[in-house]
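Taking it in order: structure first as structure tokens, then the write-up.
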Amino acid sequence: MGPYTHDETADPELAHHPEVVLLPENTQQVAEIVKLANHHKLPIVPRGAGTGLSGGIVPKFGGIVISLERFDKIIEIDSENMFMTVEAGVITERVQEAANRAGFLYAGDPCSGHSSTIGGNVATNAGGNKVLKYGSTRRQVYGLEVVTAEGDIVFLGGKCMKDSTGYSLLNLIIGSEGTLGIITKVILKLQPLPSHRVDLLAIFPDRSSAMQAVPLILQKGIIPAALEFMDNRAVQCCEEYIGEKLPYRKDAYYLIVTLEGDDEGFLEGQMALIDEVCRDSGVIEILAADPRRIWRARRVFAEASRARSPVYSGEDLVVPLSALGVIIKFIVDRGEEYGVTIHCAGHAGDGNVHAHILKDSINDDNWRQILLALHDQIYKKVYSLGGKLSGEHGIGYKRVKLLEEFCHPVELKMMKAIKQCLDPNLILNPGKVLQF
Ligand SMILES: Cc1cc2nc3c(=O)[nH]c(=O)nc-3n(C[C@H](O)[C@H](O)[C@H](O)COP(=O)(O)OP(=O)(O)OC[C@H]3O[C@@H](n4cnc5c(N)ncnc54)[C@H](O)[C@@H]3O)c2cc1C
């Protein structure tokens with residue numbers, strides 16, 4: 001498989017060759033390519049770094065991949081107005097580091113930040129490890145430069161902190177996964193850089209006590225930057241992958257809590273409250289964690305699962321907080337019923353579960369059947385609990401059929417009408433998000 005045929009979705013069936021890969025270096029060139037493609041009705045797939053987990057950059061219908069990798073300039077940091085302007089292909093970690101050097105925080109923080117691009121983050125409305133406190137990528141964006149499906153260049157949003165000027169086309173493009181426009185520049189919100197940080201690792205005897213603690217922490221008025229969970233299998237798998245031992249107990253369930261702020265005394269007060277809530281929920285142990293070790297383990301979850309089973313299905317479902325324990329138990333029980341290993345970790349504070357269903361040595365035909373049956377049961381349950389298909393990875397190609405099945409028909413009709421209006425020849429990332 002060539003590098004432009006697939007993303008990080010661990011499924012070889014989600015790969016396809018484009019006819020051509022183009023690496024434009026300015027917006028005008030992108031616009032000219034799109035005009036030509038639109039005239040000849042050729043498919044275009046915008047590509048960031050290819051770290052997506054839903055097959056969003058797979059050129060399923062061939063055509064042109066437009067890689068934004070040459071759009072790698074940090075254009076401006078405006079300290080007075082607290083925003084920065086960057087090209088879409090800048091790696092997320094470079095954005096974070098540049099903001100830090102100027103004394104600010106850029107709050108977008110997906111686990112893939114060392115390799116994903118900011119344009120990809122905006123196009124998928126990426127989440128990550130600080131959503132609870134700062135919001136997903138959508139909340140970090142003030143403005144976008146976009147090339148439309150007809151090759152026009154437009155600026156959406158701007159440099160202001162609020163905007164009620166007509167429909168929010170800015171928010172329509174954010175999360176549209178390359179199906180409504182190609183993002184070439186991004187104006188990002190900056191915030192004061194917190195001076196203190198504390199990481200806690202809470203080890204619970206079982207799933208239900210850990211999940212009980214999650215809403216209780218938030219109900220105390222504590223807003224952690226991160227509130228993550230890992231089940232026992234996920235911890236073991238990540239430990240093996242990074243070759244480091246974490247504090248471990250058989251069958252235990254893990255919560256990672258990160259607090260950020262400027263007032264050390266206030267953070268200590270919040271730690272005491274978290275300690276109290278966790279003890280009331282039956283925690284075995286609560287430790288001040290080494291952030292490097294604990295976050296390294298949490299961030300490699302996708303790579304560790306792939307090392308264990310090169311093919312796996314990564315789910316990204318989201319449910320209301322009170323349903324978190326219920327849905328994880330349901331998923332794990334179904335795994336046992338079908339004889340497949342499922343690891344779960346994710347953003348507990350956001351109700352966002354990454355369940356990795358491992359193929360291991362199951363033969364291809366059985367795997368397809370098991371996966372279909374599991375998806376059917378899991379997503380019926382997710383929707384019955386008020387949840388949704390994807391919390392942050394998007395629909396891409398992988399979840400198109402599921403969206404068709406589970407999205408309300410009127411909502412789906414509205415989405416299709418928008419797509420047809422903004423991209424009448426359906427050239428932008430065809431086969432992704434919606435099927436026609
Ligand atoms: C180890 C690992 C950890 C991850 N952790 C997280 C996490 O914590 N949170 C999270 O949300 N995601 C996570 N992801 C998924 C992925 O990194 C994100 O979806 C990321 O935002 C994709 O960025 P990218 O630049 O790689 O985009 P790509 O994979 O290249 O593209 C993703 C989608 O965006 C579109 N796109 C890309 N650039 C543009 C552009 N300039 N204009 C228009 N459309 C564009 C593509 O067409 C495609 O549909 C993880 C992935 C891995 C492999």
Side-chain angles (χ1 to χ4, degrees), residues 3-4 6-10 14 18 24 27 30 34 43-60 64-72 86-93 95 108-131 136-138 140 144-149 173-186 226 228 238 241 295-296 298-307 314 316 318 345-347 350 352 354 356 390-400 428-433:
Y4 296 98
H6 65 97
D7 61 5
E8 290 296 319
T9 312
L14 288 181
T27 307
V30 175
V34 176
I44 287 189
V45 179
R47 187 184 196 277
T51 68
L53 292 172
S54 56
I57 50 113
V58 177
K60 266 290 160 193
I64 304 166
V65 165
I66 295 190
S67 171
L68 277 296
E69 62 204 80
R70 287 189 176 161
F71 281 69
D72 61 354
V86 302
E87 290 187 329
V90 178
I91 300 297
T92 314
E93 196 173 72
V95 172
D109 188 26
C111 288
S112 52
H114 58 287
S115 49
S116 67
T117 65
I118 205 74
N121 294 171
V122 175
T124 54
N125 185 26
N129 305 316
K130 291 186 175 170
V131 170
S136 58
T137 301
R138 185 181 301 285
Q140 321 308 327
L144 294 176
E145 179 186 78
V146 176
V147 175
T148 69
I173 296 295
I174 299 171
S176 65
E177 302 184 47
T179 64
L180 299 180
I182 303 181
I183 301 155
T184 46
K185 280 193 196 100
V186 189
E228 303 283 301
C238 293
Y241 184 74
W295 278 104
R296 191 162 165 236
R298 171 62 191 93
R299 282 179 189 273
V300 298
F301 181 48
E303 291 102 318
S305 291
R306 191 201 293 262
D316 173 42
V318 61
H347 313 292
D350 311 332
N352 189 190
H354 298 321
H356 290 178
S390 172
E392 55 180 23
H393 296 162
I395 301 301
Y397 180 70
K398 183 178 158 175
R399 300 188 179 90
V400 170
L428 277 184
N429 217 355
K432 313 300 163 54
V433 186

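Both ligands and their constituent atoms are indexed starting at 1 by order of listing.
With rounding to the nearest 0.5 Å, the separation of CZ in R47 from CD1 in I57 is 4.0 Å. Put simply, CG on L144 and CD1 on I174 are 5.5 Å apart, with the number rounded to the nearest 0.5 Å. Taking CZ of R298 as the start and SG of C238 as the end, the distance is 8.0 Å to the nearest 0.5 Å.
Not a single donor-acceptor pair under 3.5 Å links the side chain of S136 to the backbone N or O of N125. Side-chain atoms of S390 do not come within 3.5 Å of backbone N or O of I395 as any donor-acceptor pair. Looking at T137, its side chain does come within 3.5 Å of a backbone N or O of A126 through a donor-acceptor pair. At distances below 3.5 Å, not a single donor-acceptor pair connects side-chain atoms of E392 with backbone N or O atoms of D316. Checking side-chain atoms of K398 against main-chain N and O of L14 turns up no donor-acceptor pair under 3.5 Å.
Atoms of ligand 1 lying under 4.0 Å from at least one heavy atom of G178, given by number and element, are 43 (C), 44 (N). Near L68, with a cut-off below 4.0 Å to any heavy atom, the atoms of ligand 1 are 41 (N). Within ligand 1, the atoms closer than 4.0 Å to a non-hydrogen atom of H393 are 10 (C), 12 (N), 13 (C), numbered from 1 in the order shown. Atoms of ligand 1 lying under 4.0 Å from any heavy atom of G128, numbered from 1 in the order shown and given with element: 8 (O), 9 (N). Distances below 4.0 Å separate heavy atoms of E8 from the following atoms of ligand 1: 53 (C). Here is the list of ligand 1 atoms found below 4.0 Å of a heavy atom in A126: 11 (O), 21 (O). Applying the 4.0 Å criterion to heavy atoms of L53 picks out, from ligand 1, the atoms 14 (N), 15 (C), 50 (C), 51 (C). Which parts of ligand 1 touch G50 is read off a 4.0 Å heavy-atom cut-off, strictly below it: atoms 26 (O), 28 (P), 29 (O), 30 (O).
In the model, T92 has a side-chain atom that pairs as donor or acceptor with a side-chain atom of N121 under 3.5 Å. With hydrogens and angles left out, the side-chain atoms of E8 and T51 include no donor and acceptor closer than 3.5 Å. If you check the side chains of T179 and N429, you find no donor sitting under 3.5 Å from an acceptor.
Protein heavy atom nearest atom 45 (C) of ligand 1, with residue, atom name and distance: A123 CB, 3.4 Å. Ranking the protein heavy atoms by distance from atom 41 (N) of ligand 1 puts I183 O, 2.9 Å first. For atom 29 (O) of ligand 1, the closest non-hydrogen atom on the protein side is G52 N, 2.8 Å. If you check which protein heavy atom lies closest to atom 33 (C) of ligand 1, you get T124 CG2, 3.7 Å. Protein heavy atom in closest approach to atom 25 (O) of ligand 1: T117 OG1, 2.7 Å. Nearest non-hydrogen protein atom to atom 46 (C) of ligand 1 is P46 O, 3.1 Å. Remark: minimum distance from atom 31 (O) of ligand 1 to any protein heavy atom is reached at I57 CG2, 3.3 Å. When only non-hydrogen protein atoms are considered, atom 51 (C) of ligand 1 lies nearest to T51 O, 3.2 Å.
Of all non-hydrogen atoms in V30 and P24, the two that sit nearest each other are CG2-CG, 3.7 Å.
Classified by interplanar angle (parallel below 30°, tilted 30° to 60°, perpendicular above 60°), the ring pair H354/H393 is parallel.
With a heavy-atom cut-off of 4.0 Å, N429 touches ligand 1 through its side chain alone. Contact annotation for A302 and ligand 1: only side-chain heavy atoms (C-beta onward) come within less than 4.0 Å of the ligand.
The shortest N or O to N or O distance between I182 and ligand 1 is not under 3.5 Å. By the 3.5 Å distance cut-off applied to N or O atoms, S116 is not counted among the residues near ligand 1. Residue-to-ligand polar distances keep V45 apart from ligand 1: every N/O pair is separated by 3.5 Å or more. At least one N/O-N/O distance between S112 and ligand 1 falls below 3.5 Å. Close N/O approach between R299 and ligand 1 is not found [any backbone or side-chain N/O within under 3.5 Å]. The shortest N/O to N/O separation between R47 and ligand 1 does not fall below 3.5 Å. Polar contact check, D7 against ligand 1: no nitrogen or oxygen pair lies under 3.5 Å apart.
For the ligand labelled ligand 1, residue G127 lies inside the 4.0 Å heavy-atom shell. At least one heavy atom of G181 sits less than 4.0 Å from an atom of ligand 1. Using 4.0 Å as the threshold, N121 has a heavy atom nearer than that to some atom of ligand 1. In this structure, K432 does not count as a contact residue of ligand 1, since none of its heavy atoms falls inside 4.0 Å of the ligand.
Here atom 8 (O) of ligand 1 lies nearest to C111 when heavy atoms of G346, C111, G56, S136 are compared.
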Intermediate values then yes/no, salt bridge (charged side-chain N to carboxylate O under 4.0 Å, His left out), E177 and K432:
CA-CA 8 Å; E177 302 184 47; K432 313 300 163 54; over 6 Å; no
Should I182 and L68 be marked as a side chain to side chain contact (heavy atoms under 4.5 Å, CB included) after you check the CA-CA gap, both sets of side-chain angles, and the distance that decides it?
CA-CA 9 Å; I182 303 181; L68 277 296; 4.1 Å; yes
CA sep, side-chain torsions, deciding dist, call: F71, T117, side chain to side chain contact (heavy atoms under 4.5 Å, CB included)
CA-CA 10 Å; F71 281 69; T117 65; over 6 Å; no
When you look at V318 and D350, which way does the side chain to side chain contact (heavy atoms under 4.5 Å, CB included) test go after all the steps?
CA-CA 8 Å; V318 61; D350 311 332; 5.6 Å; no
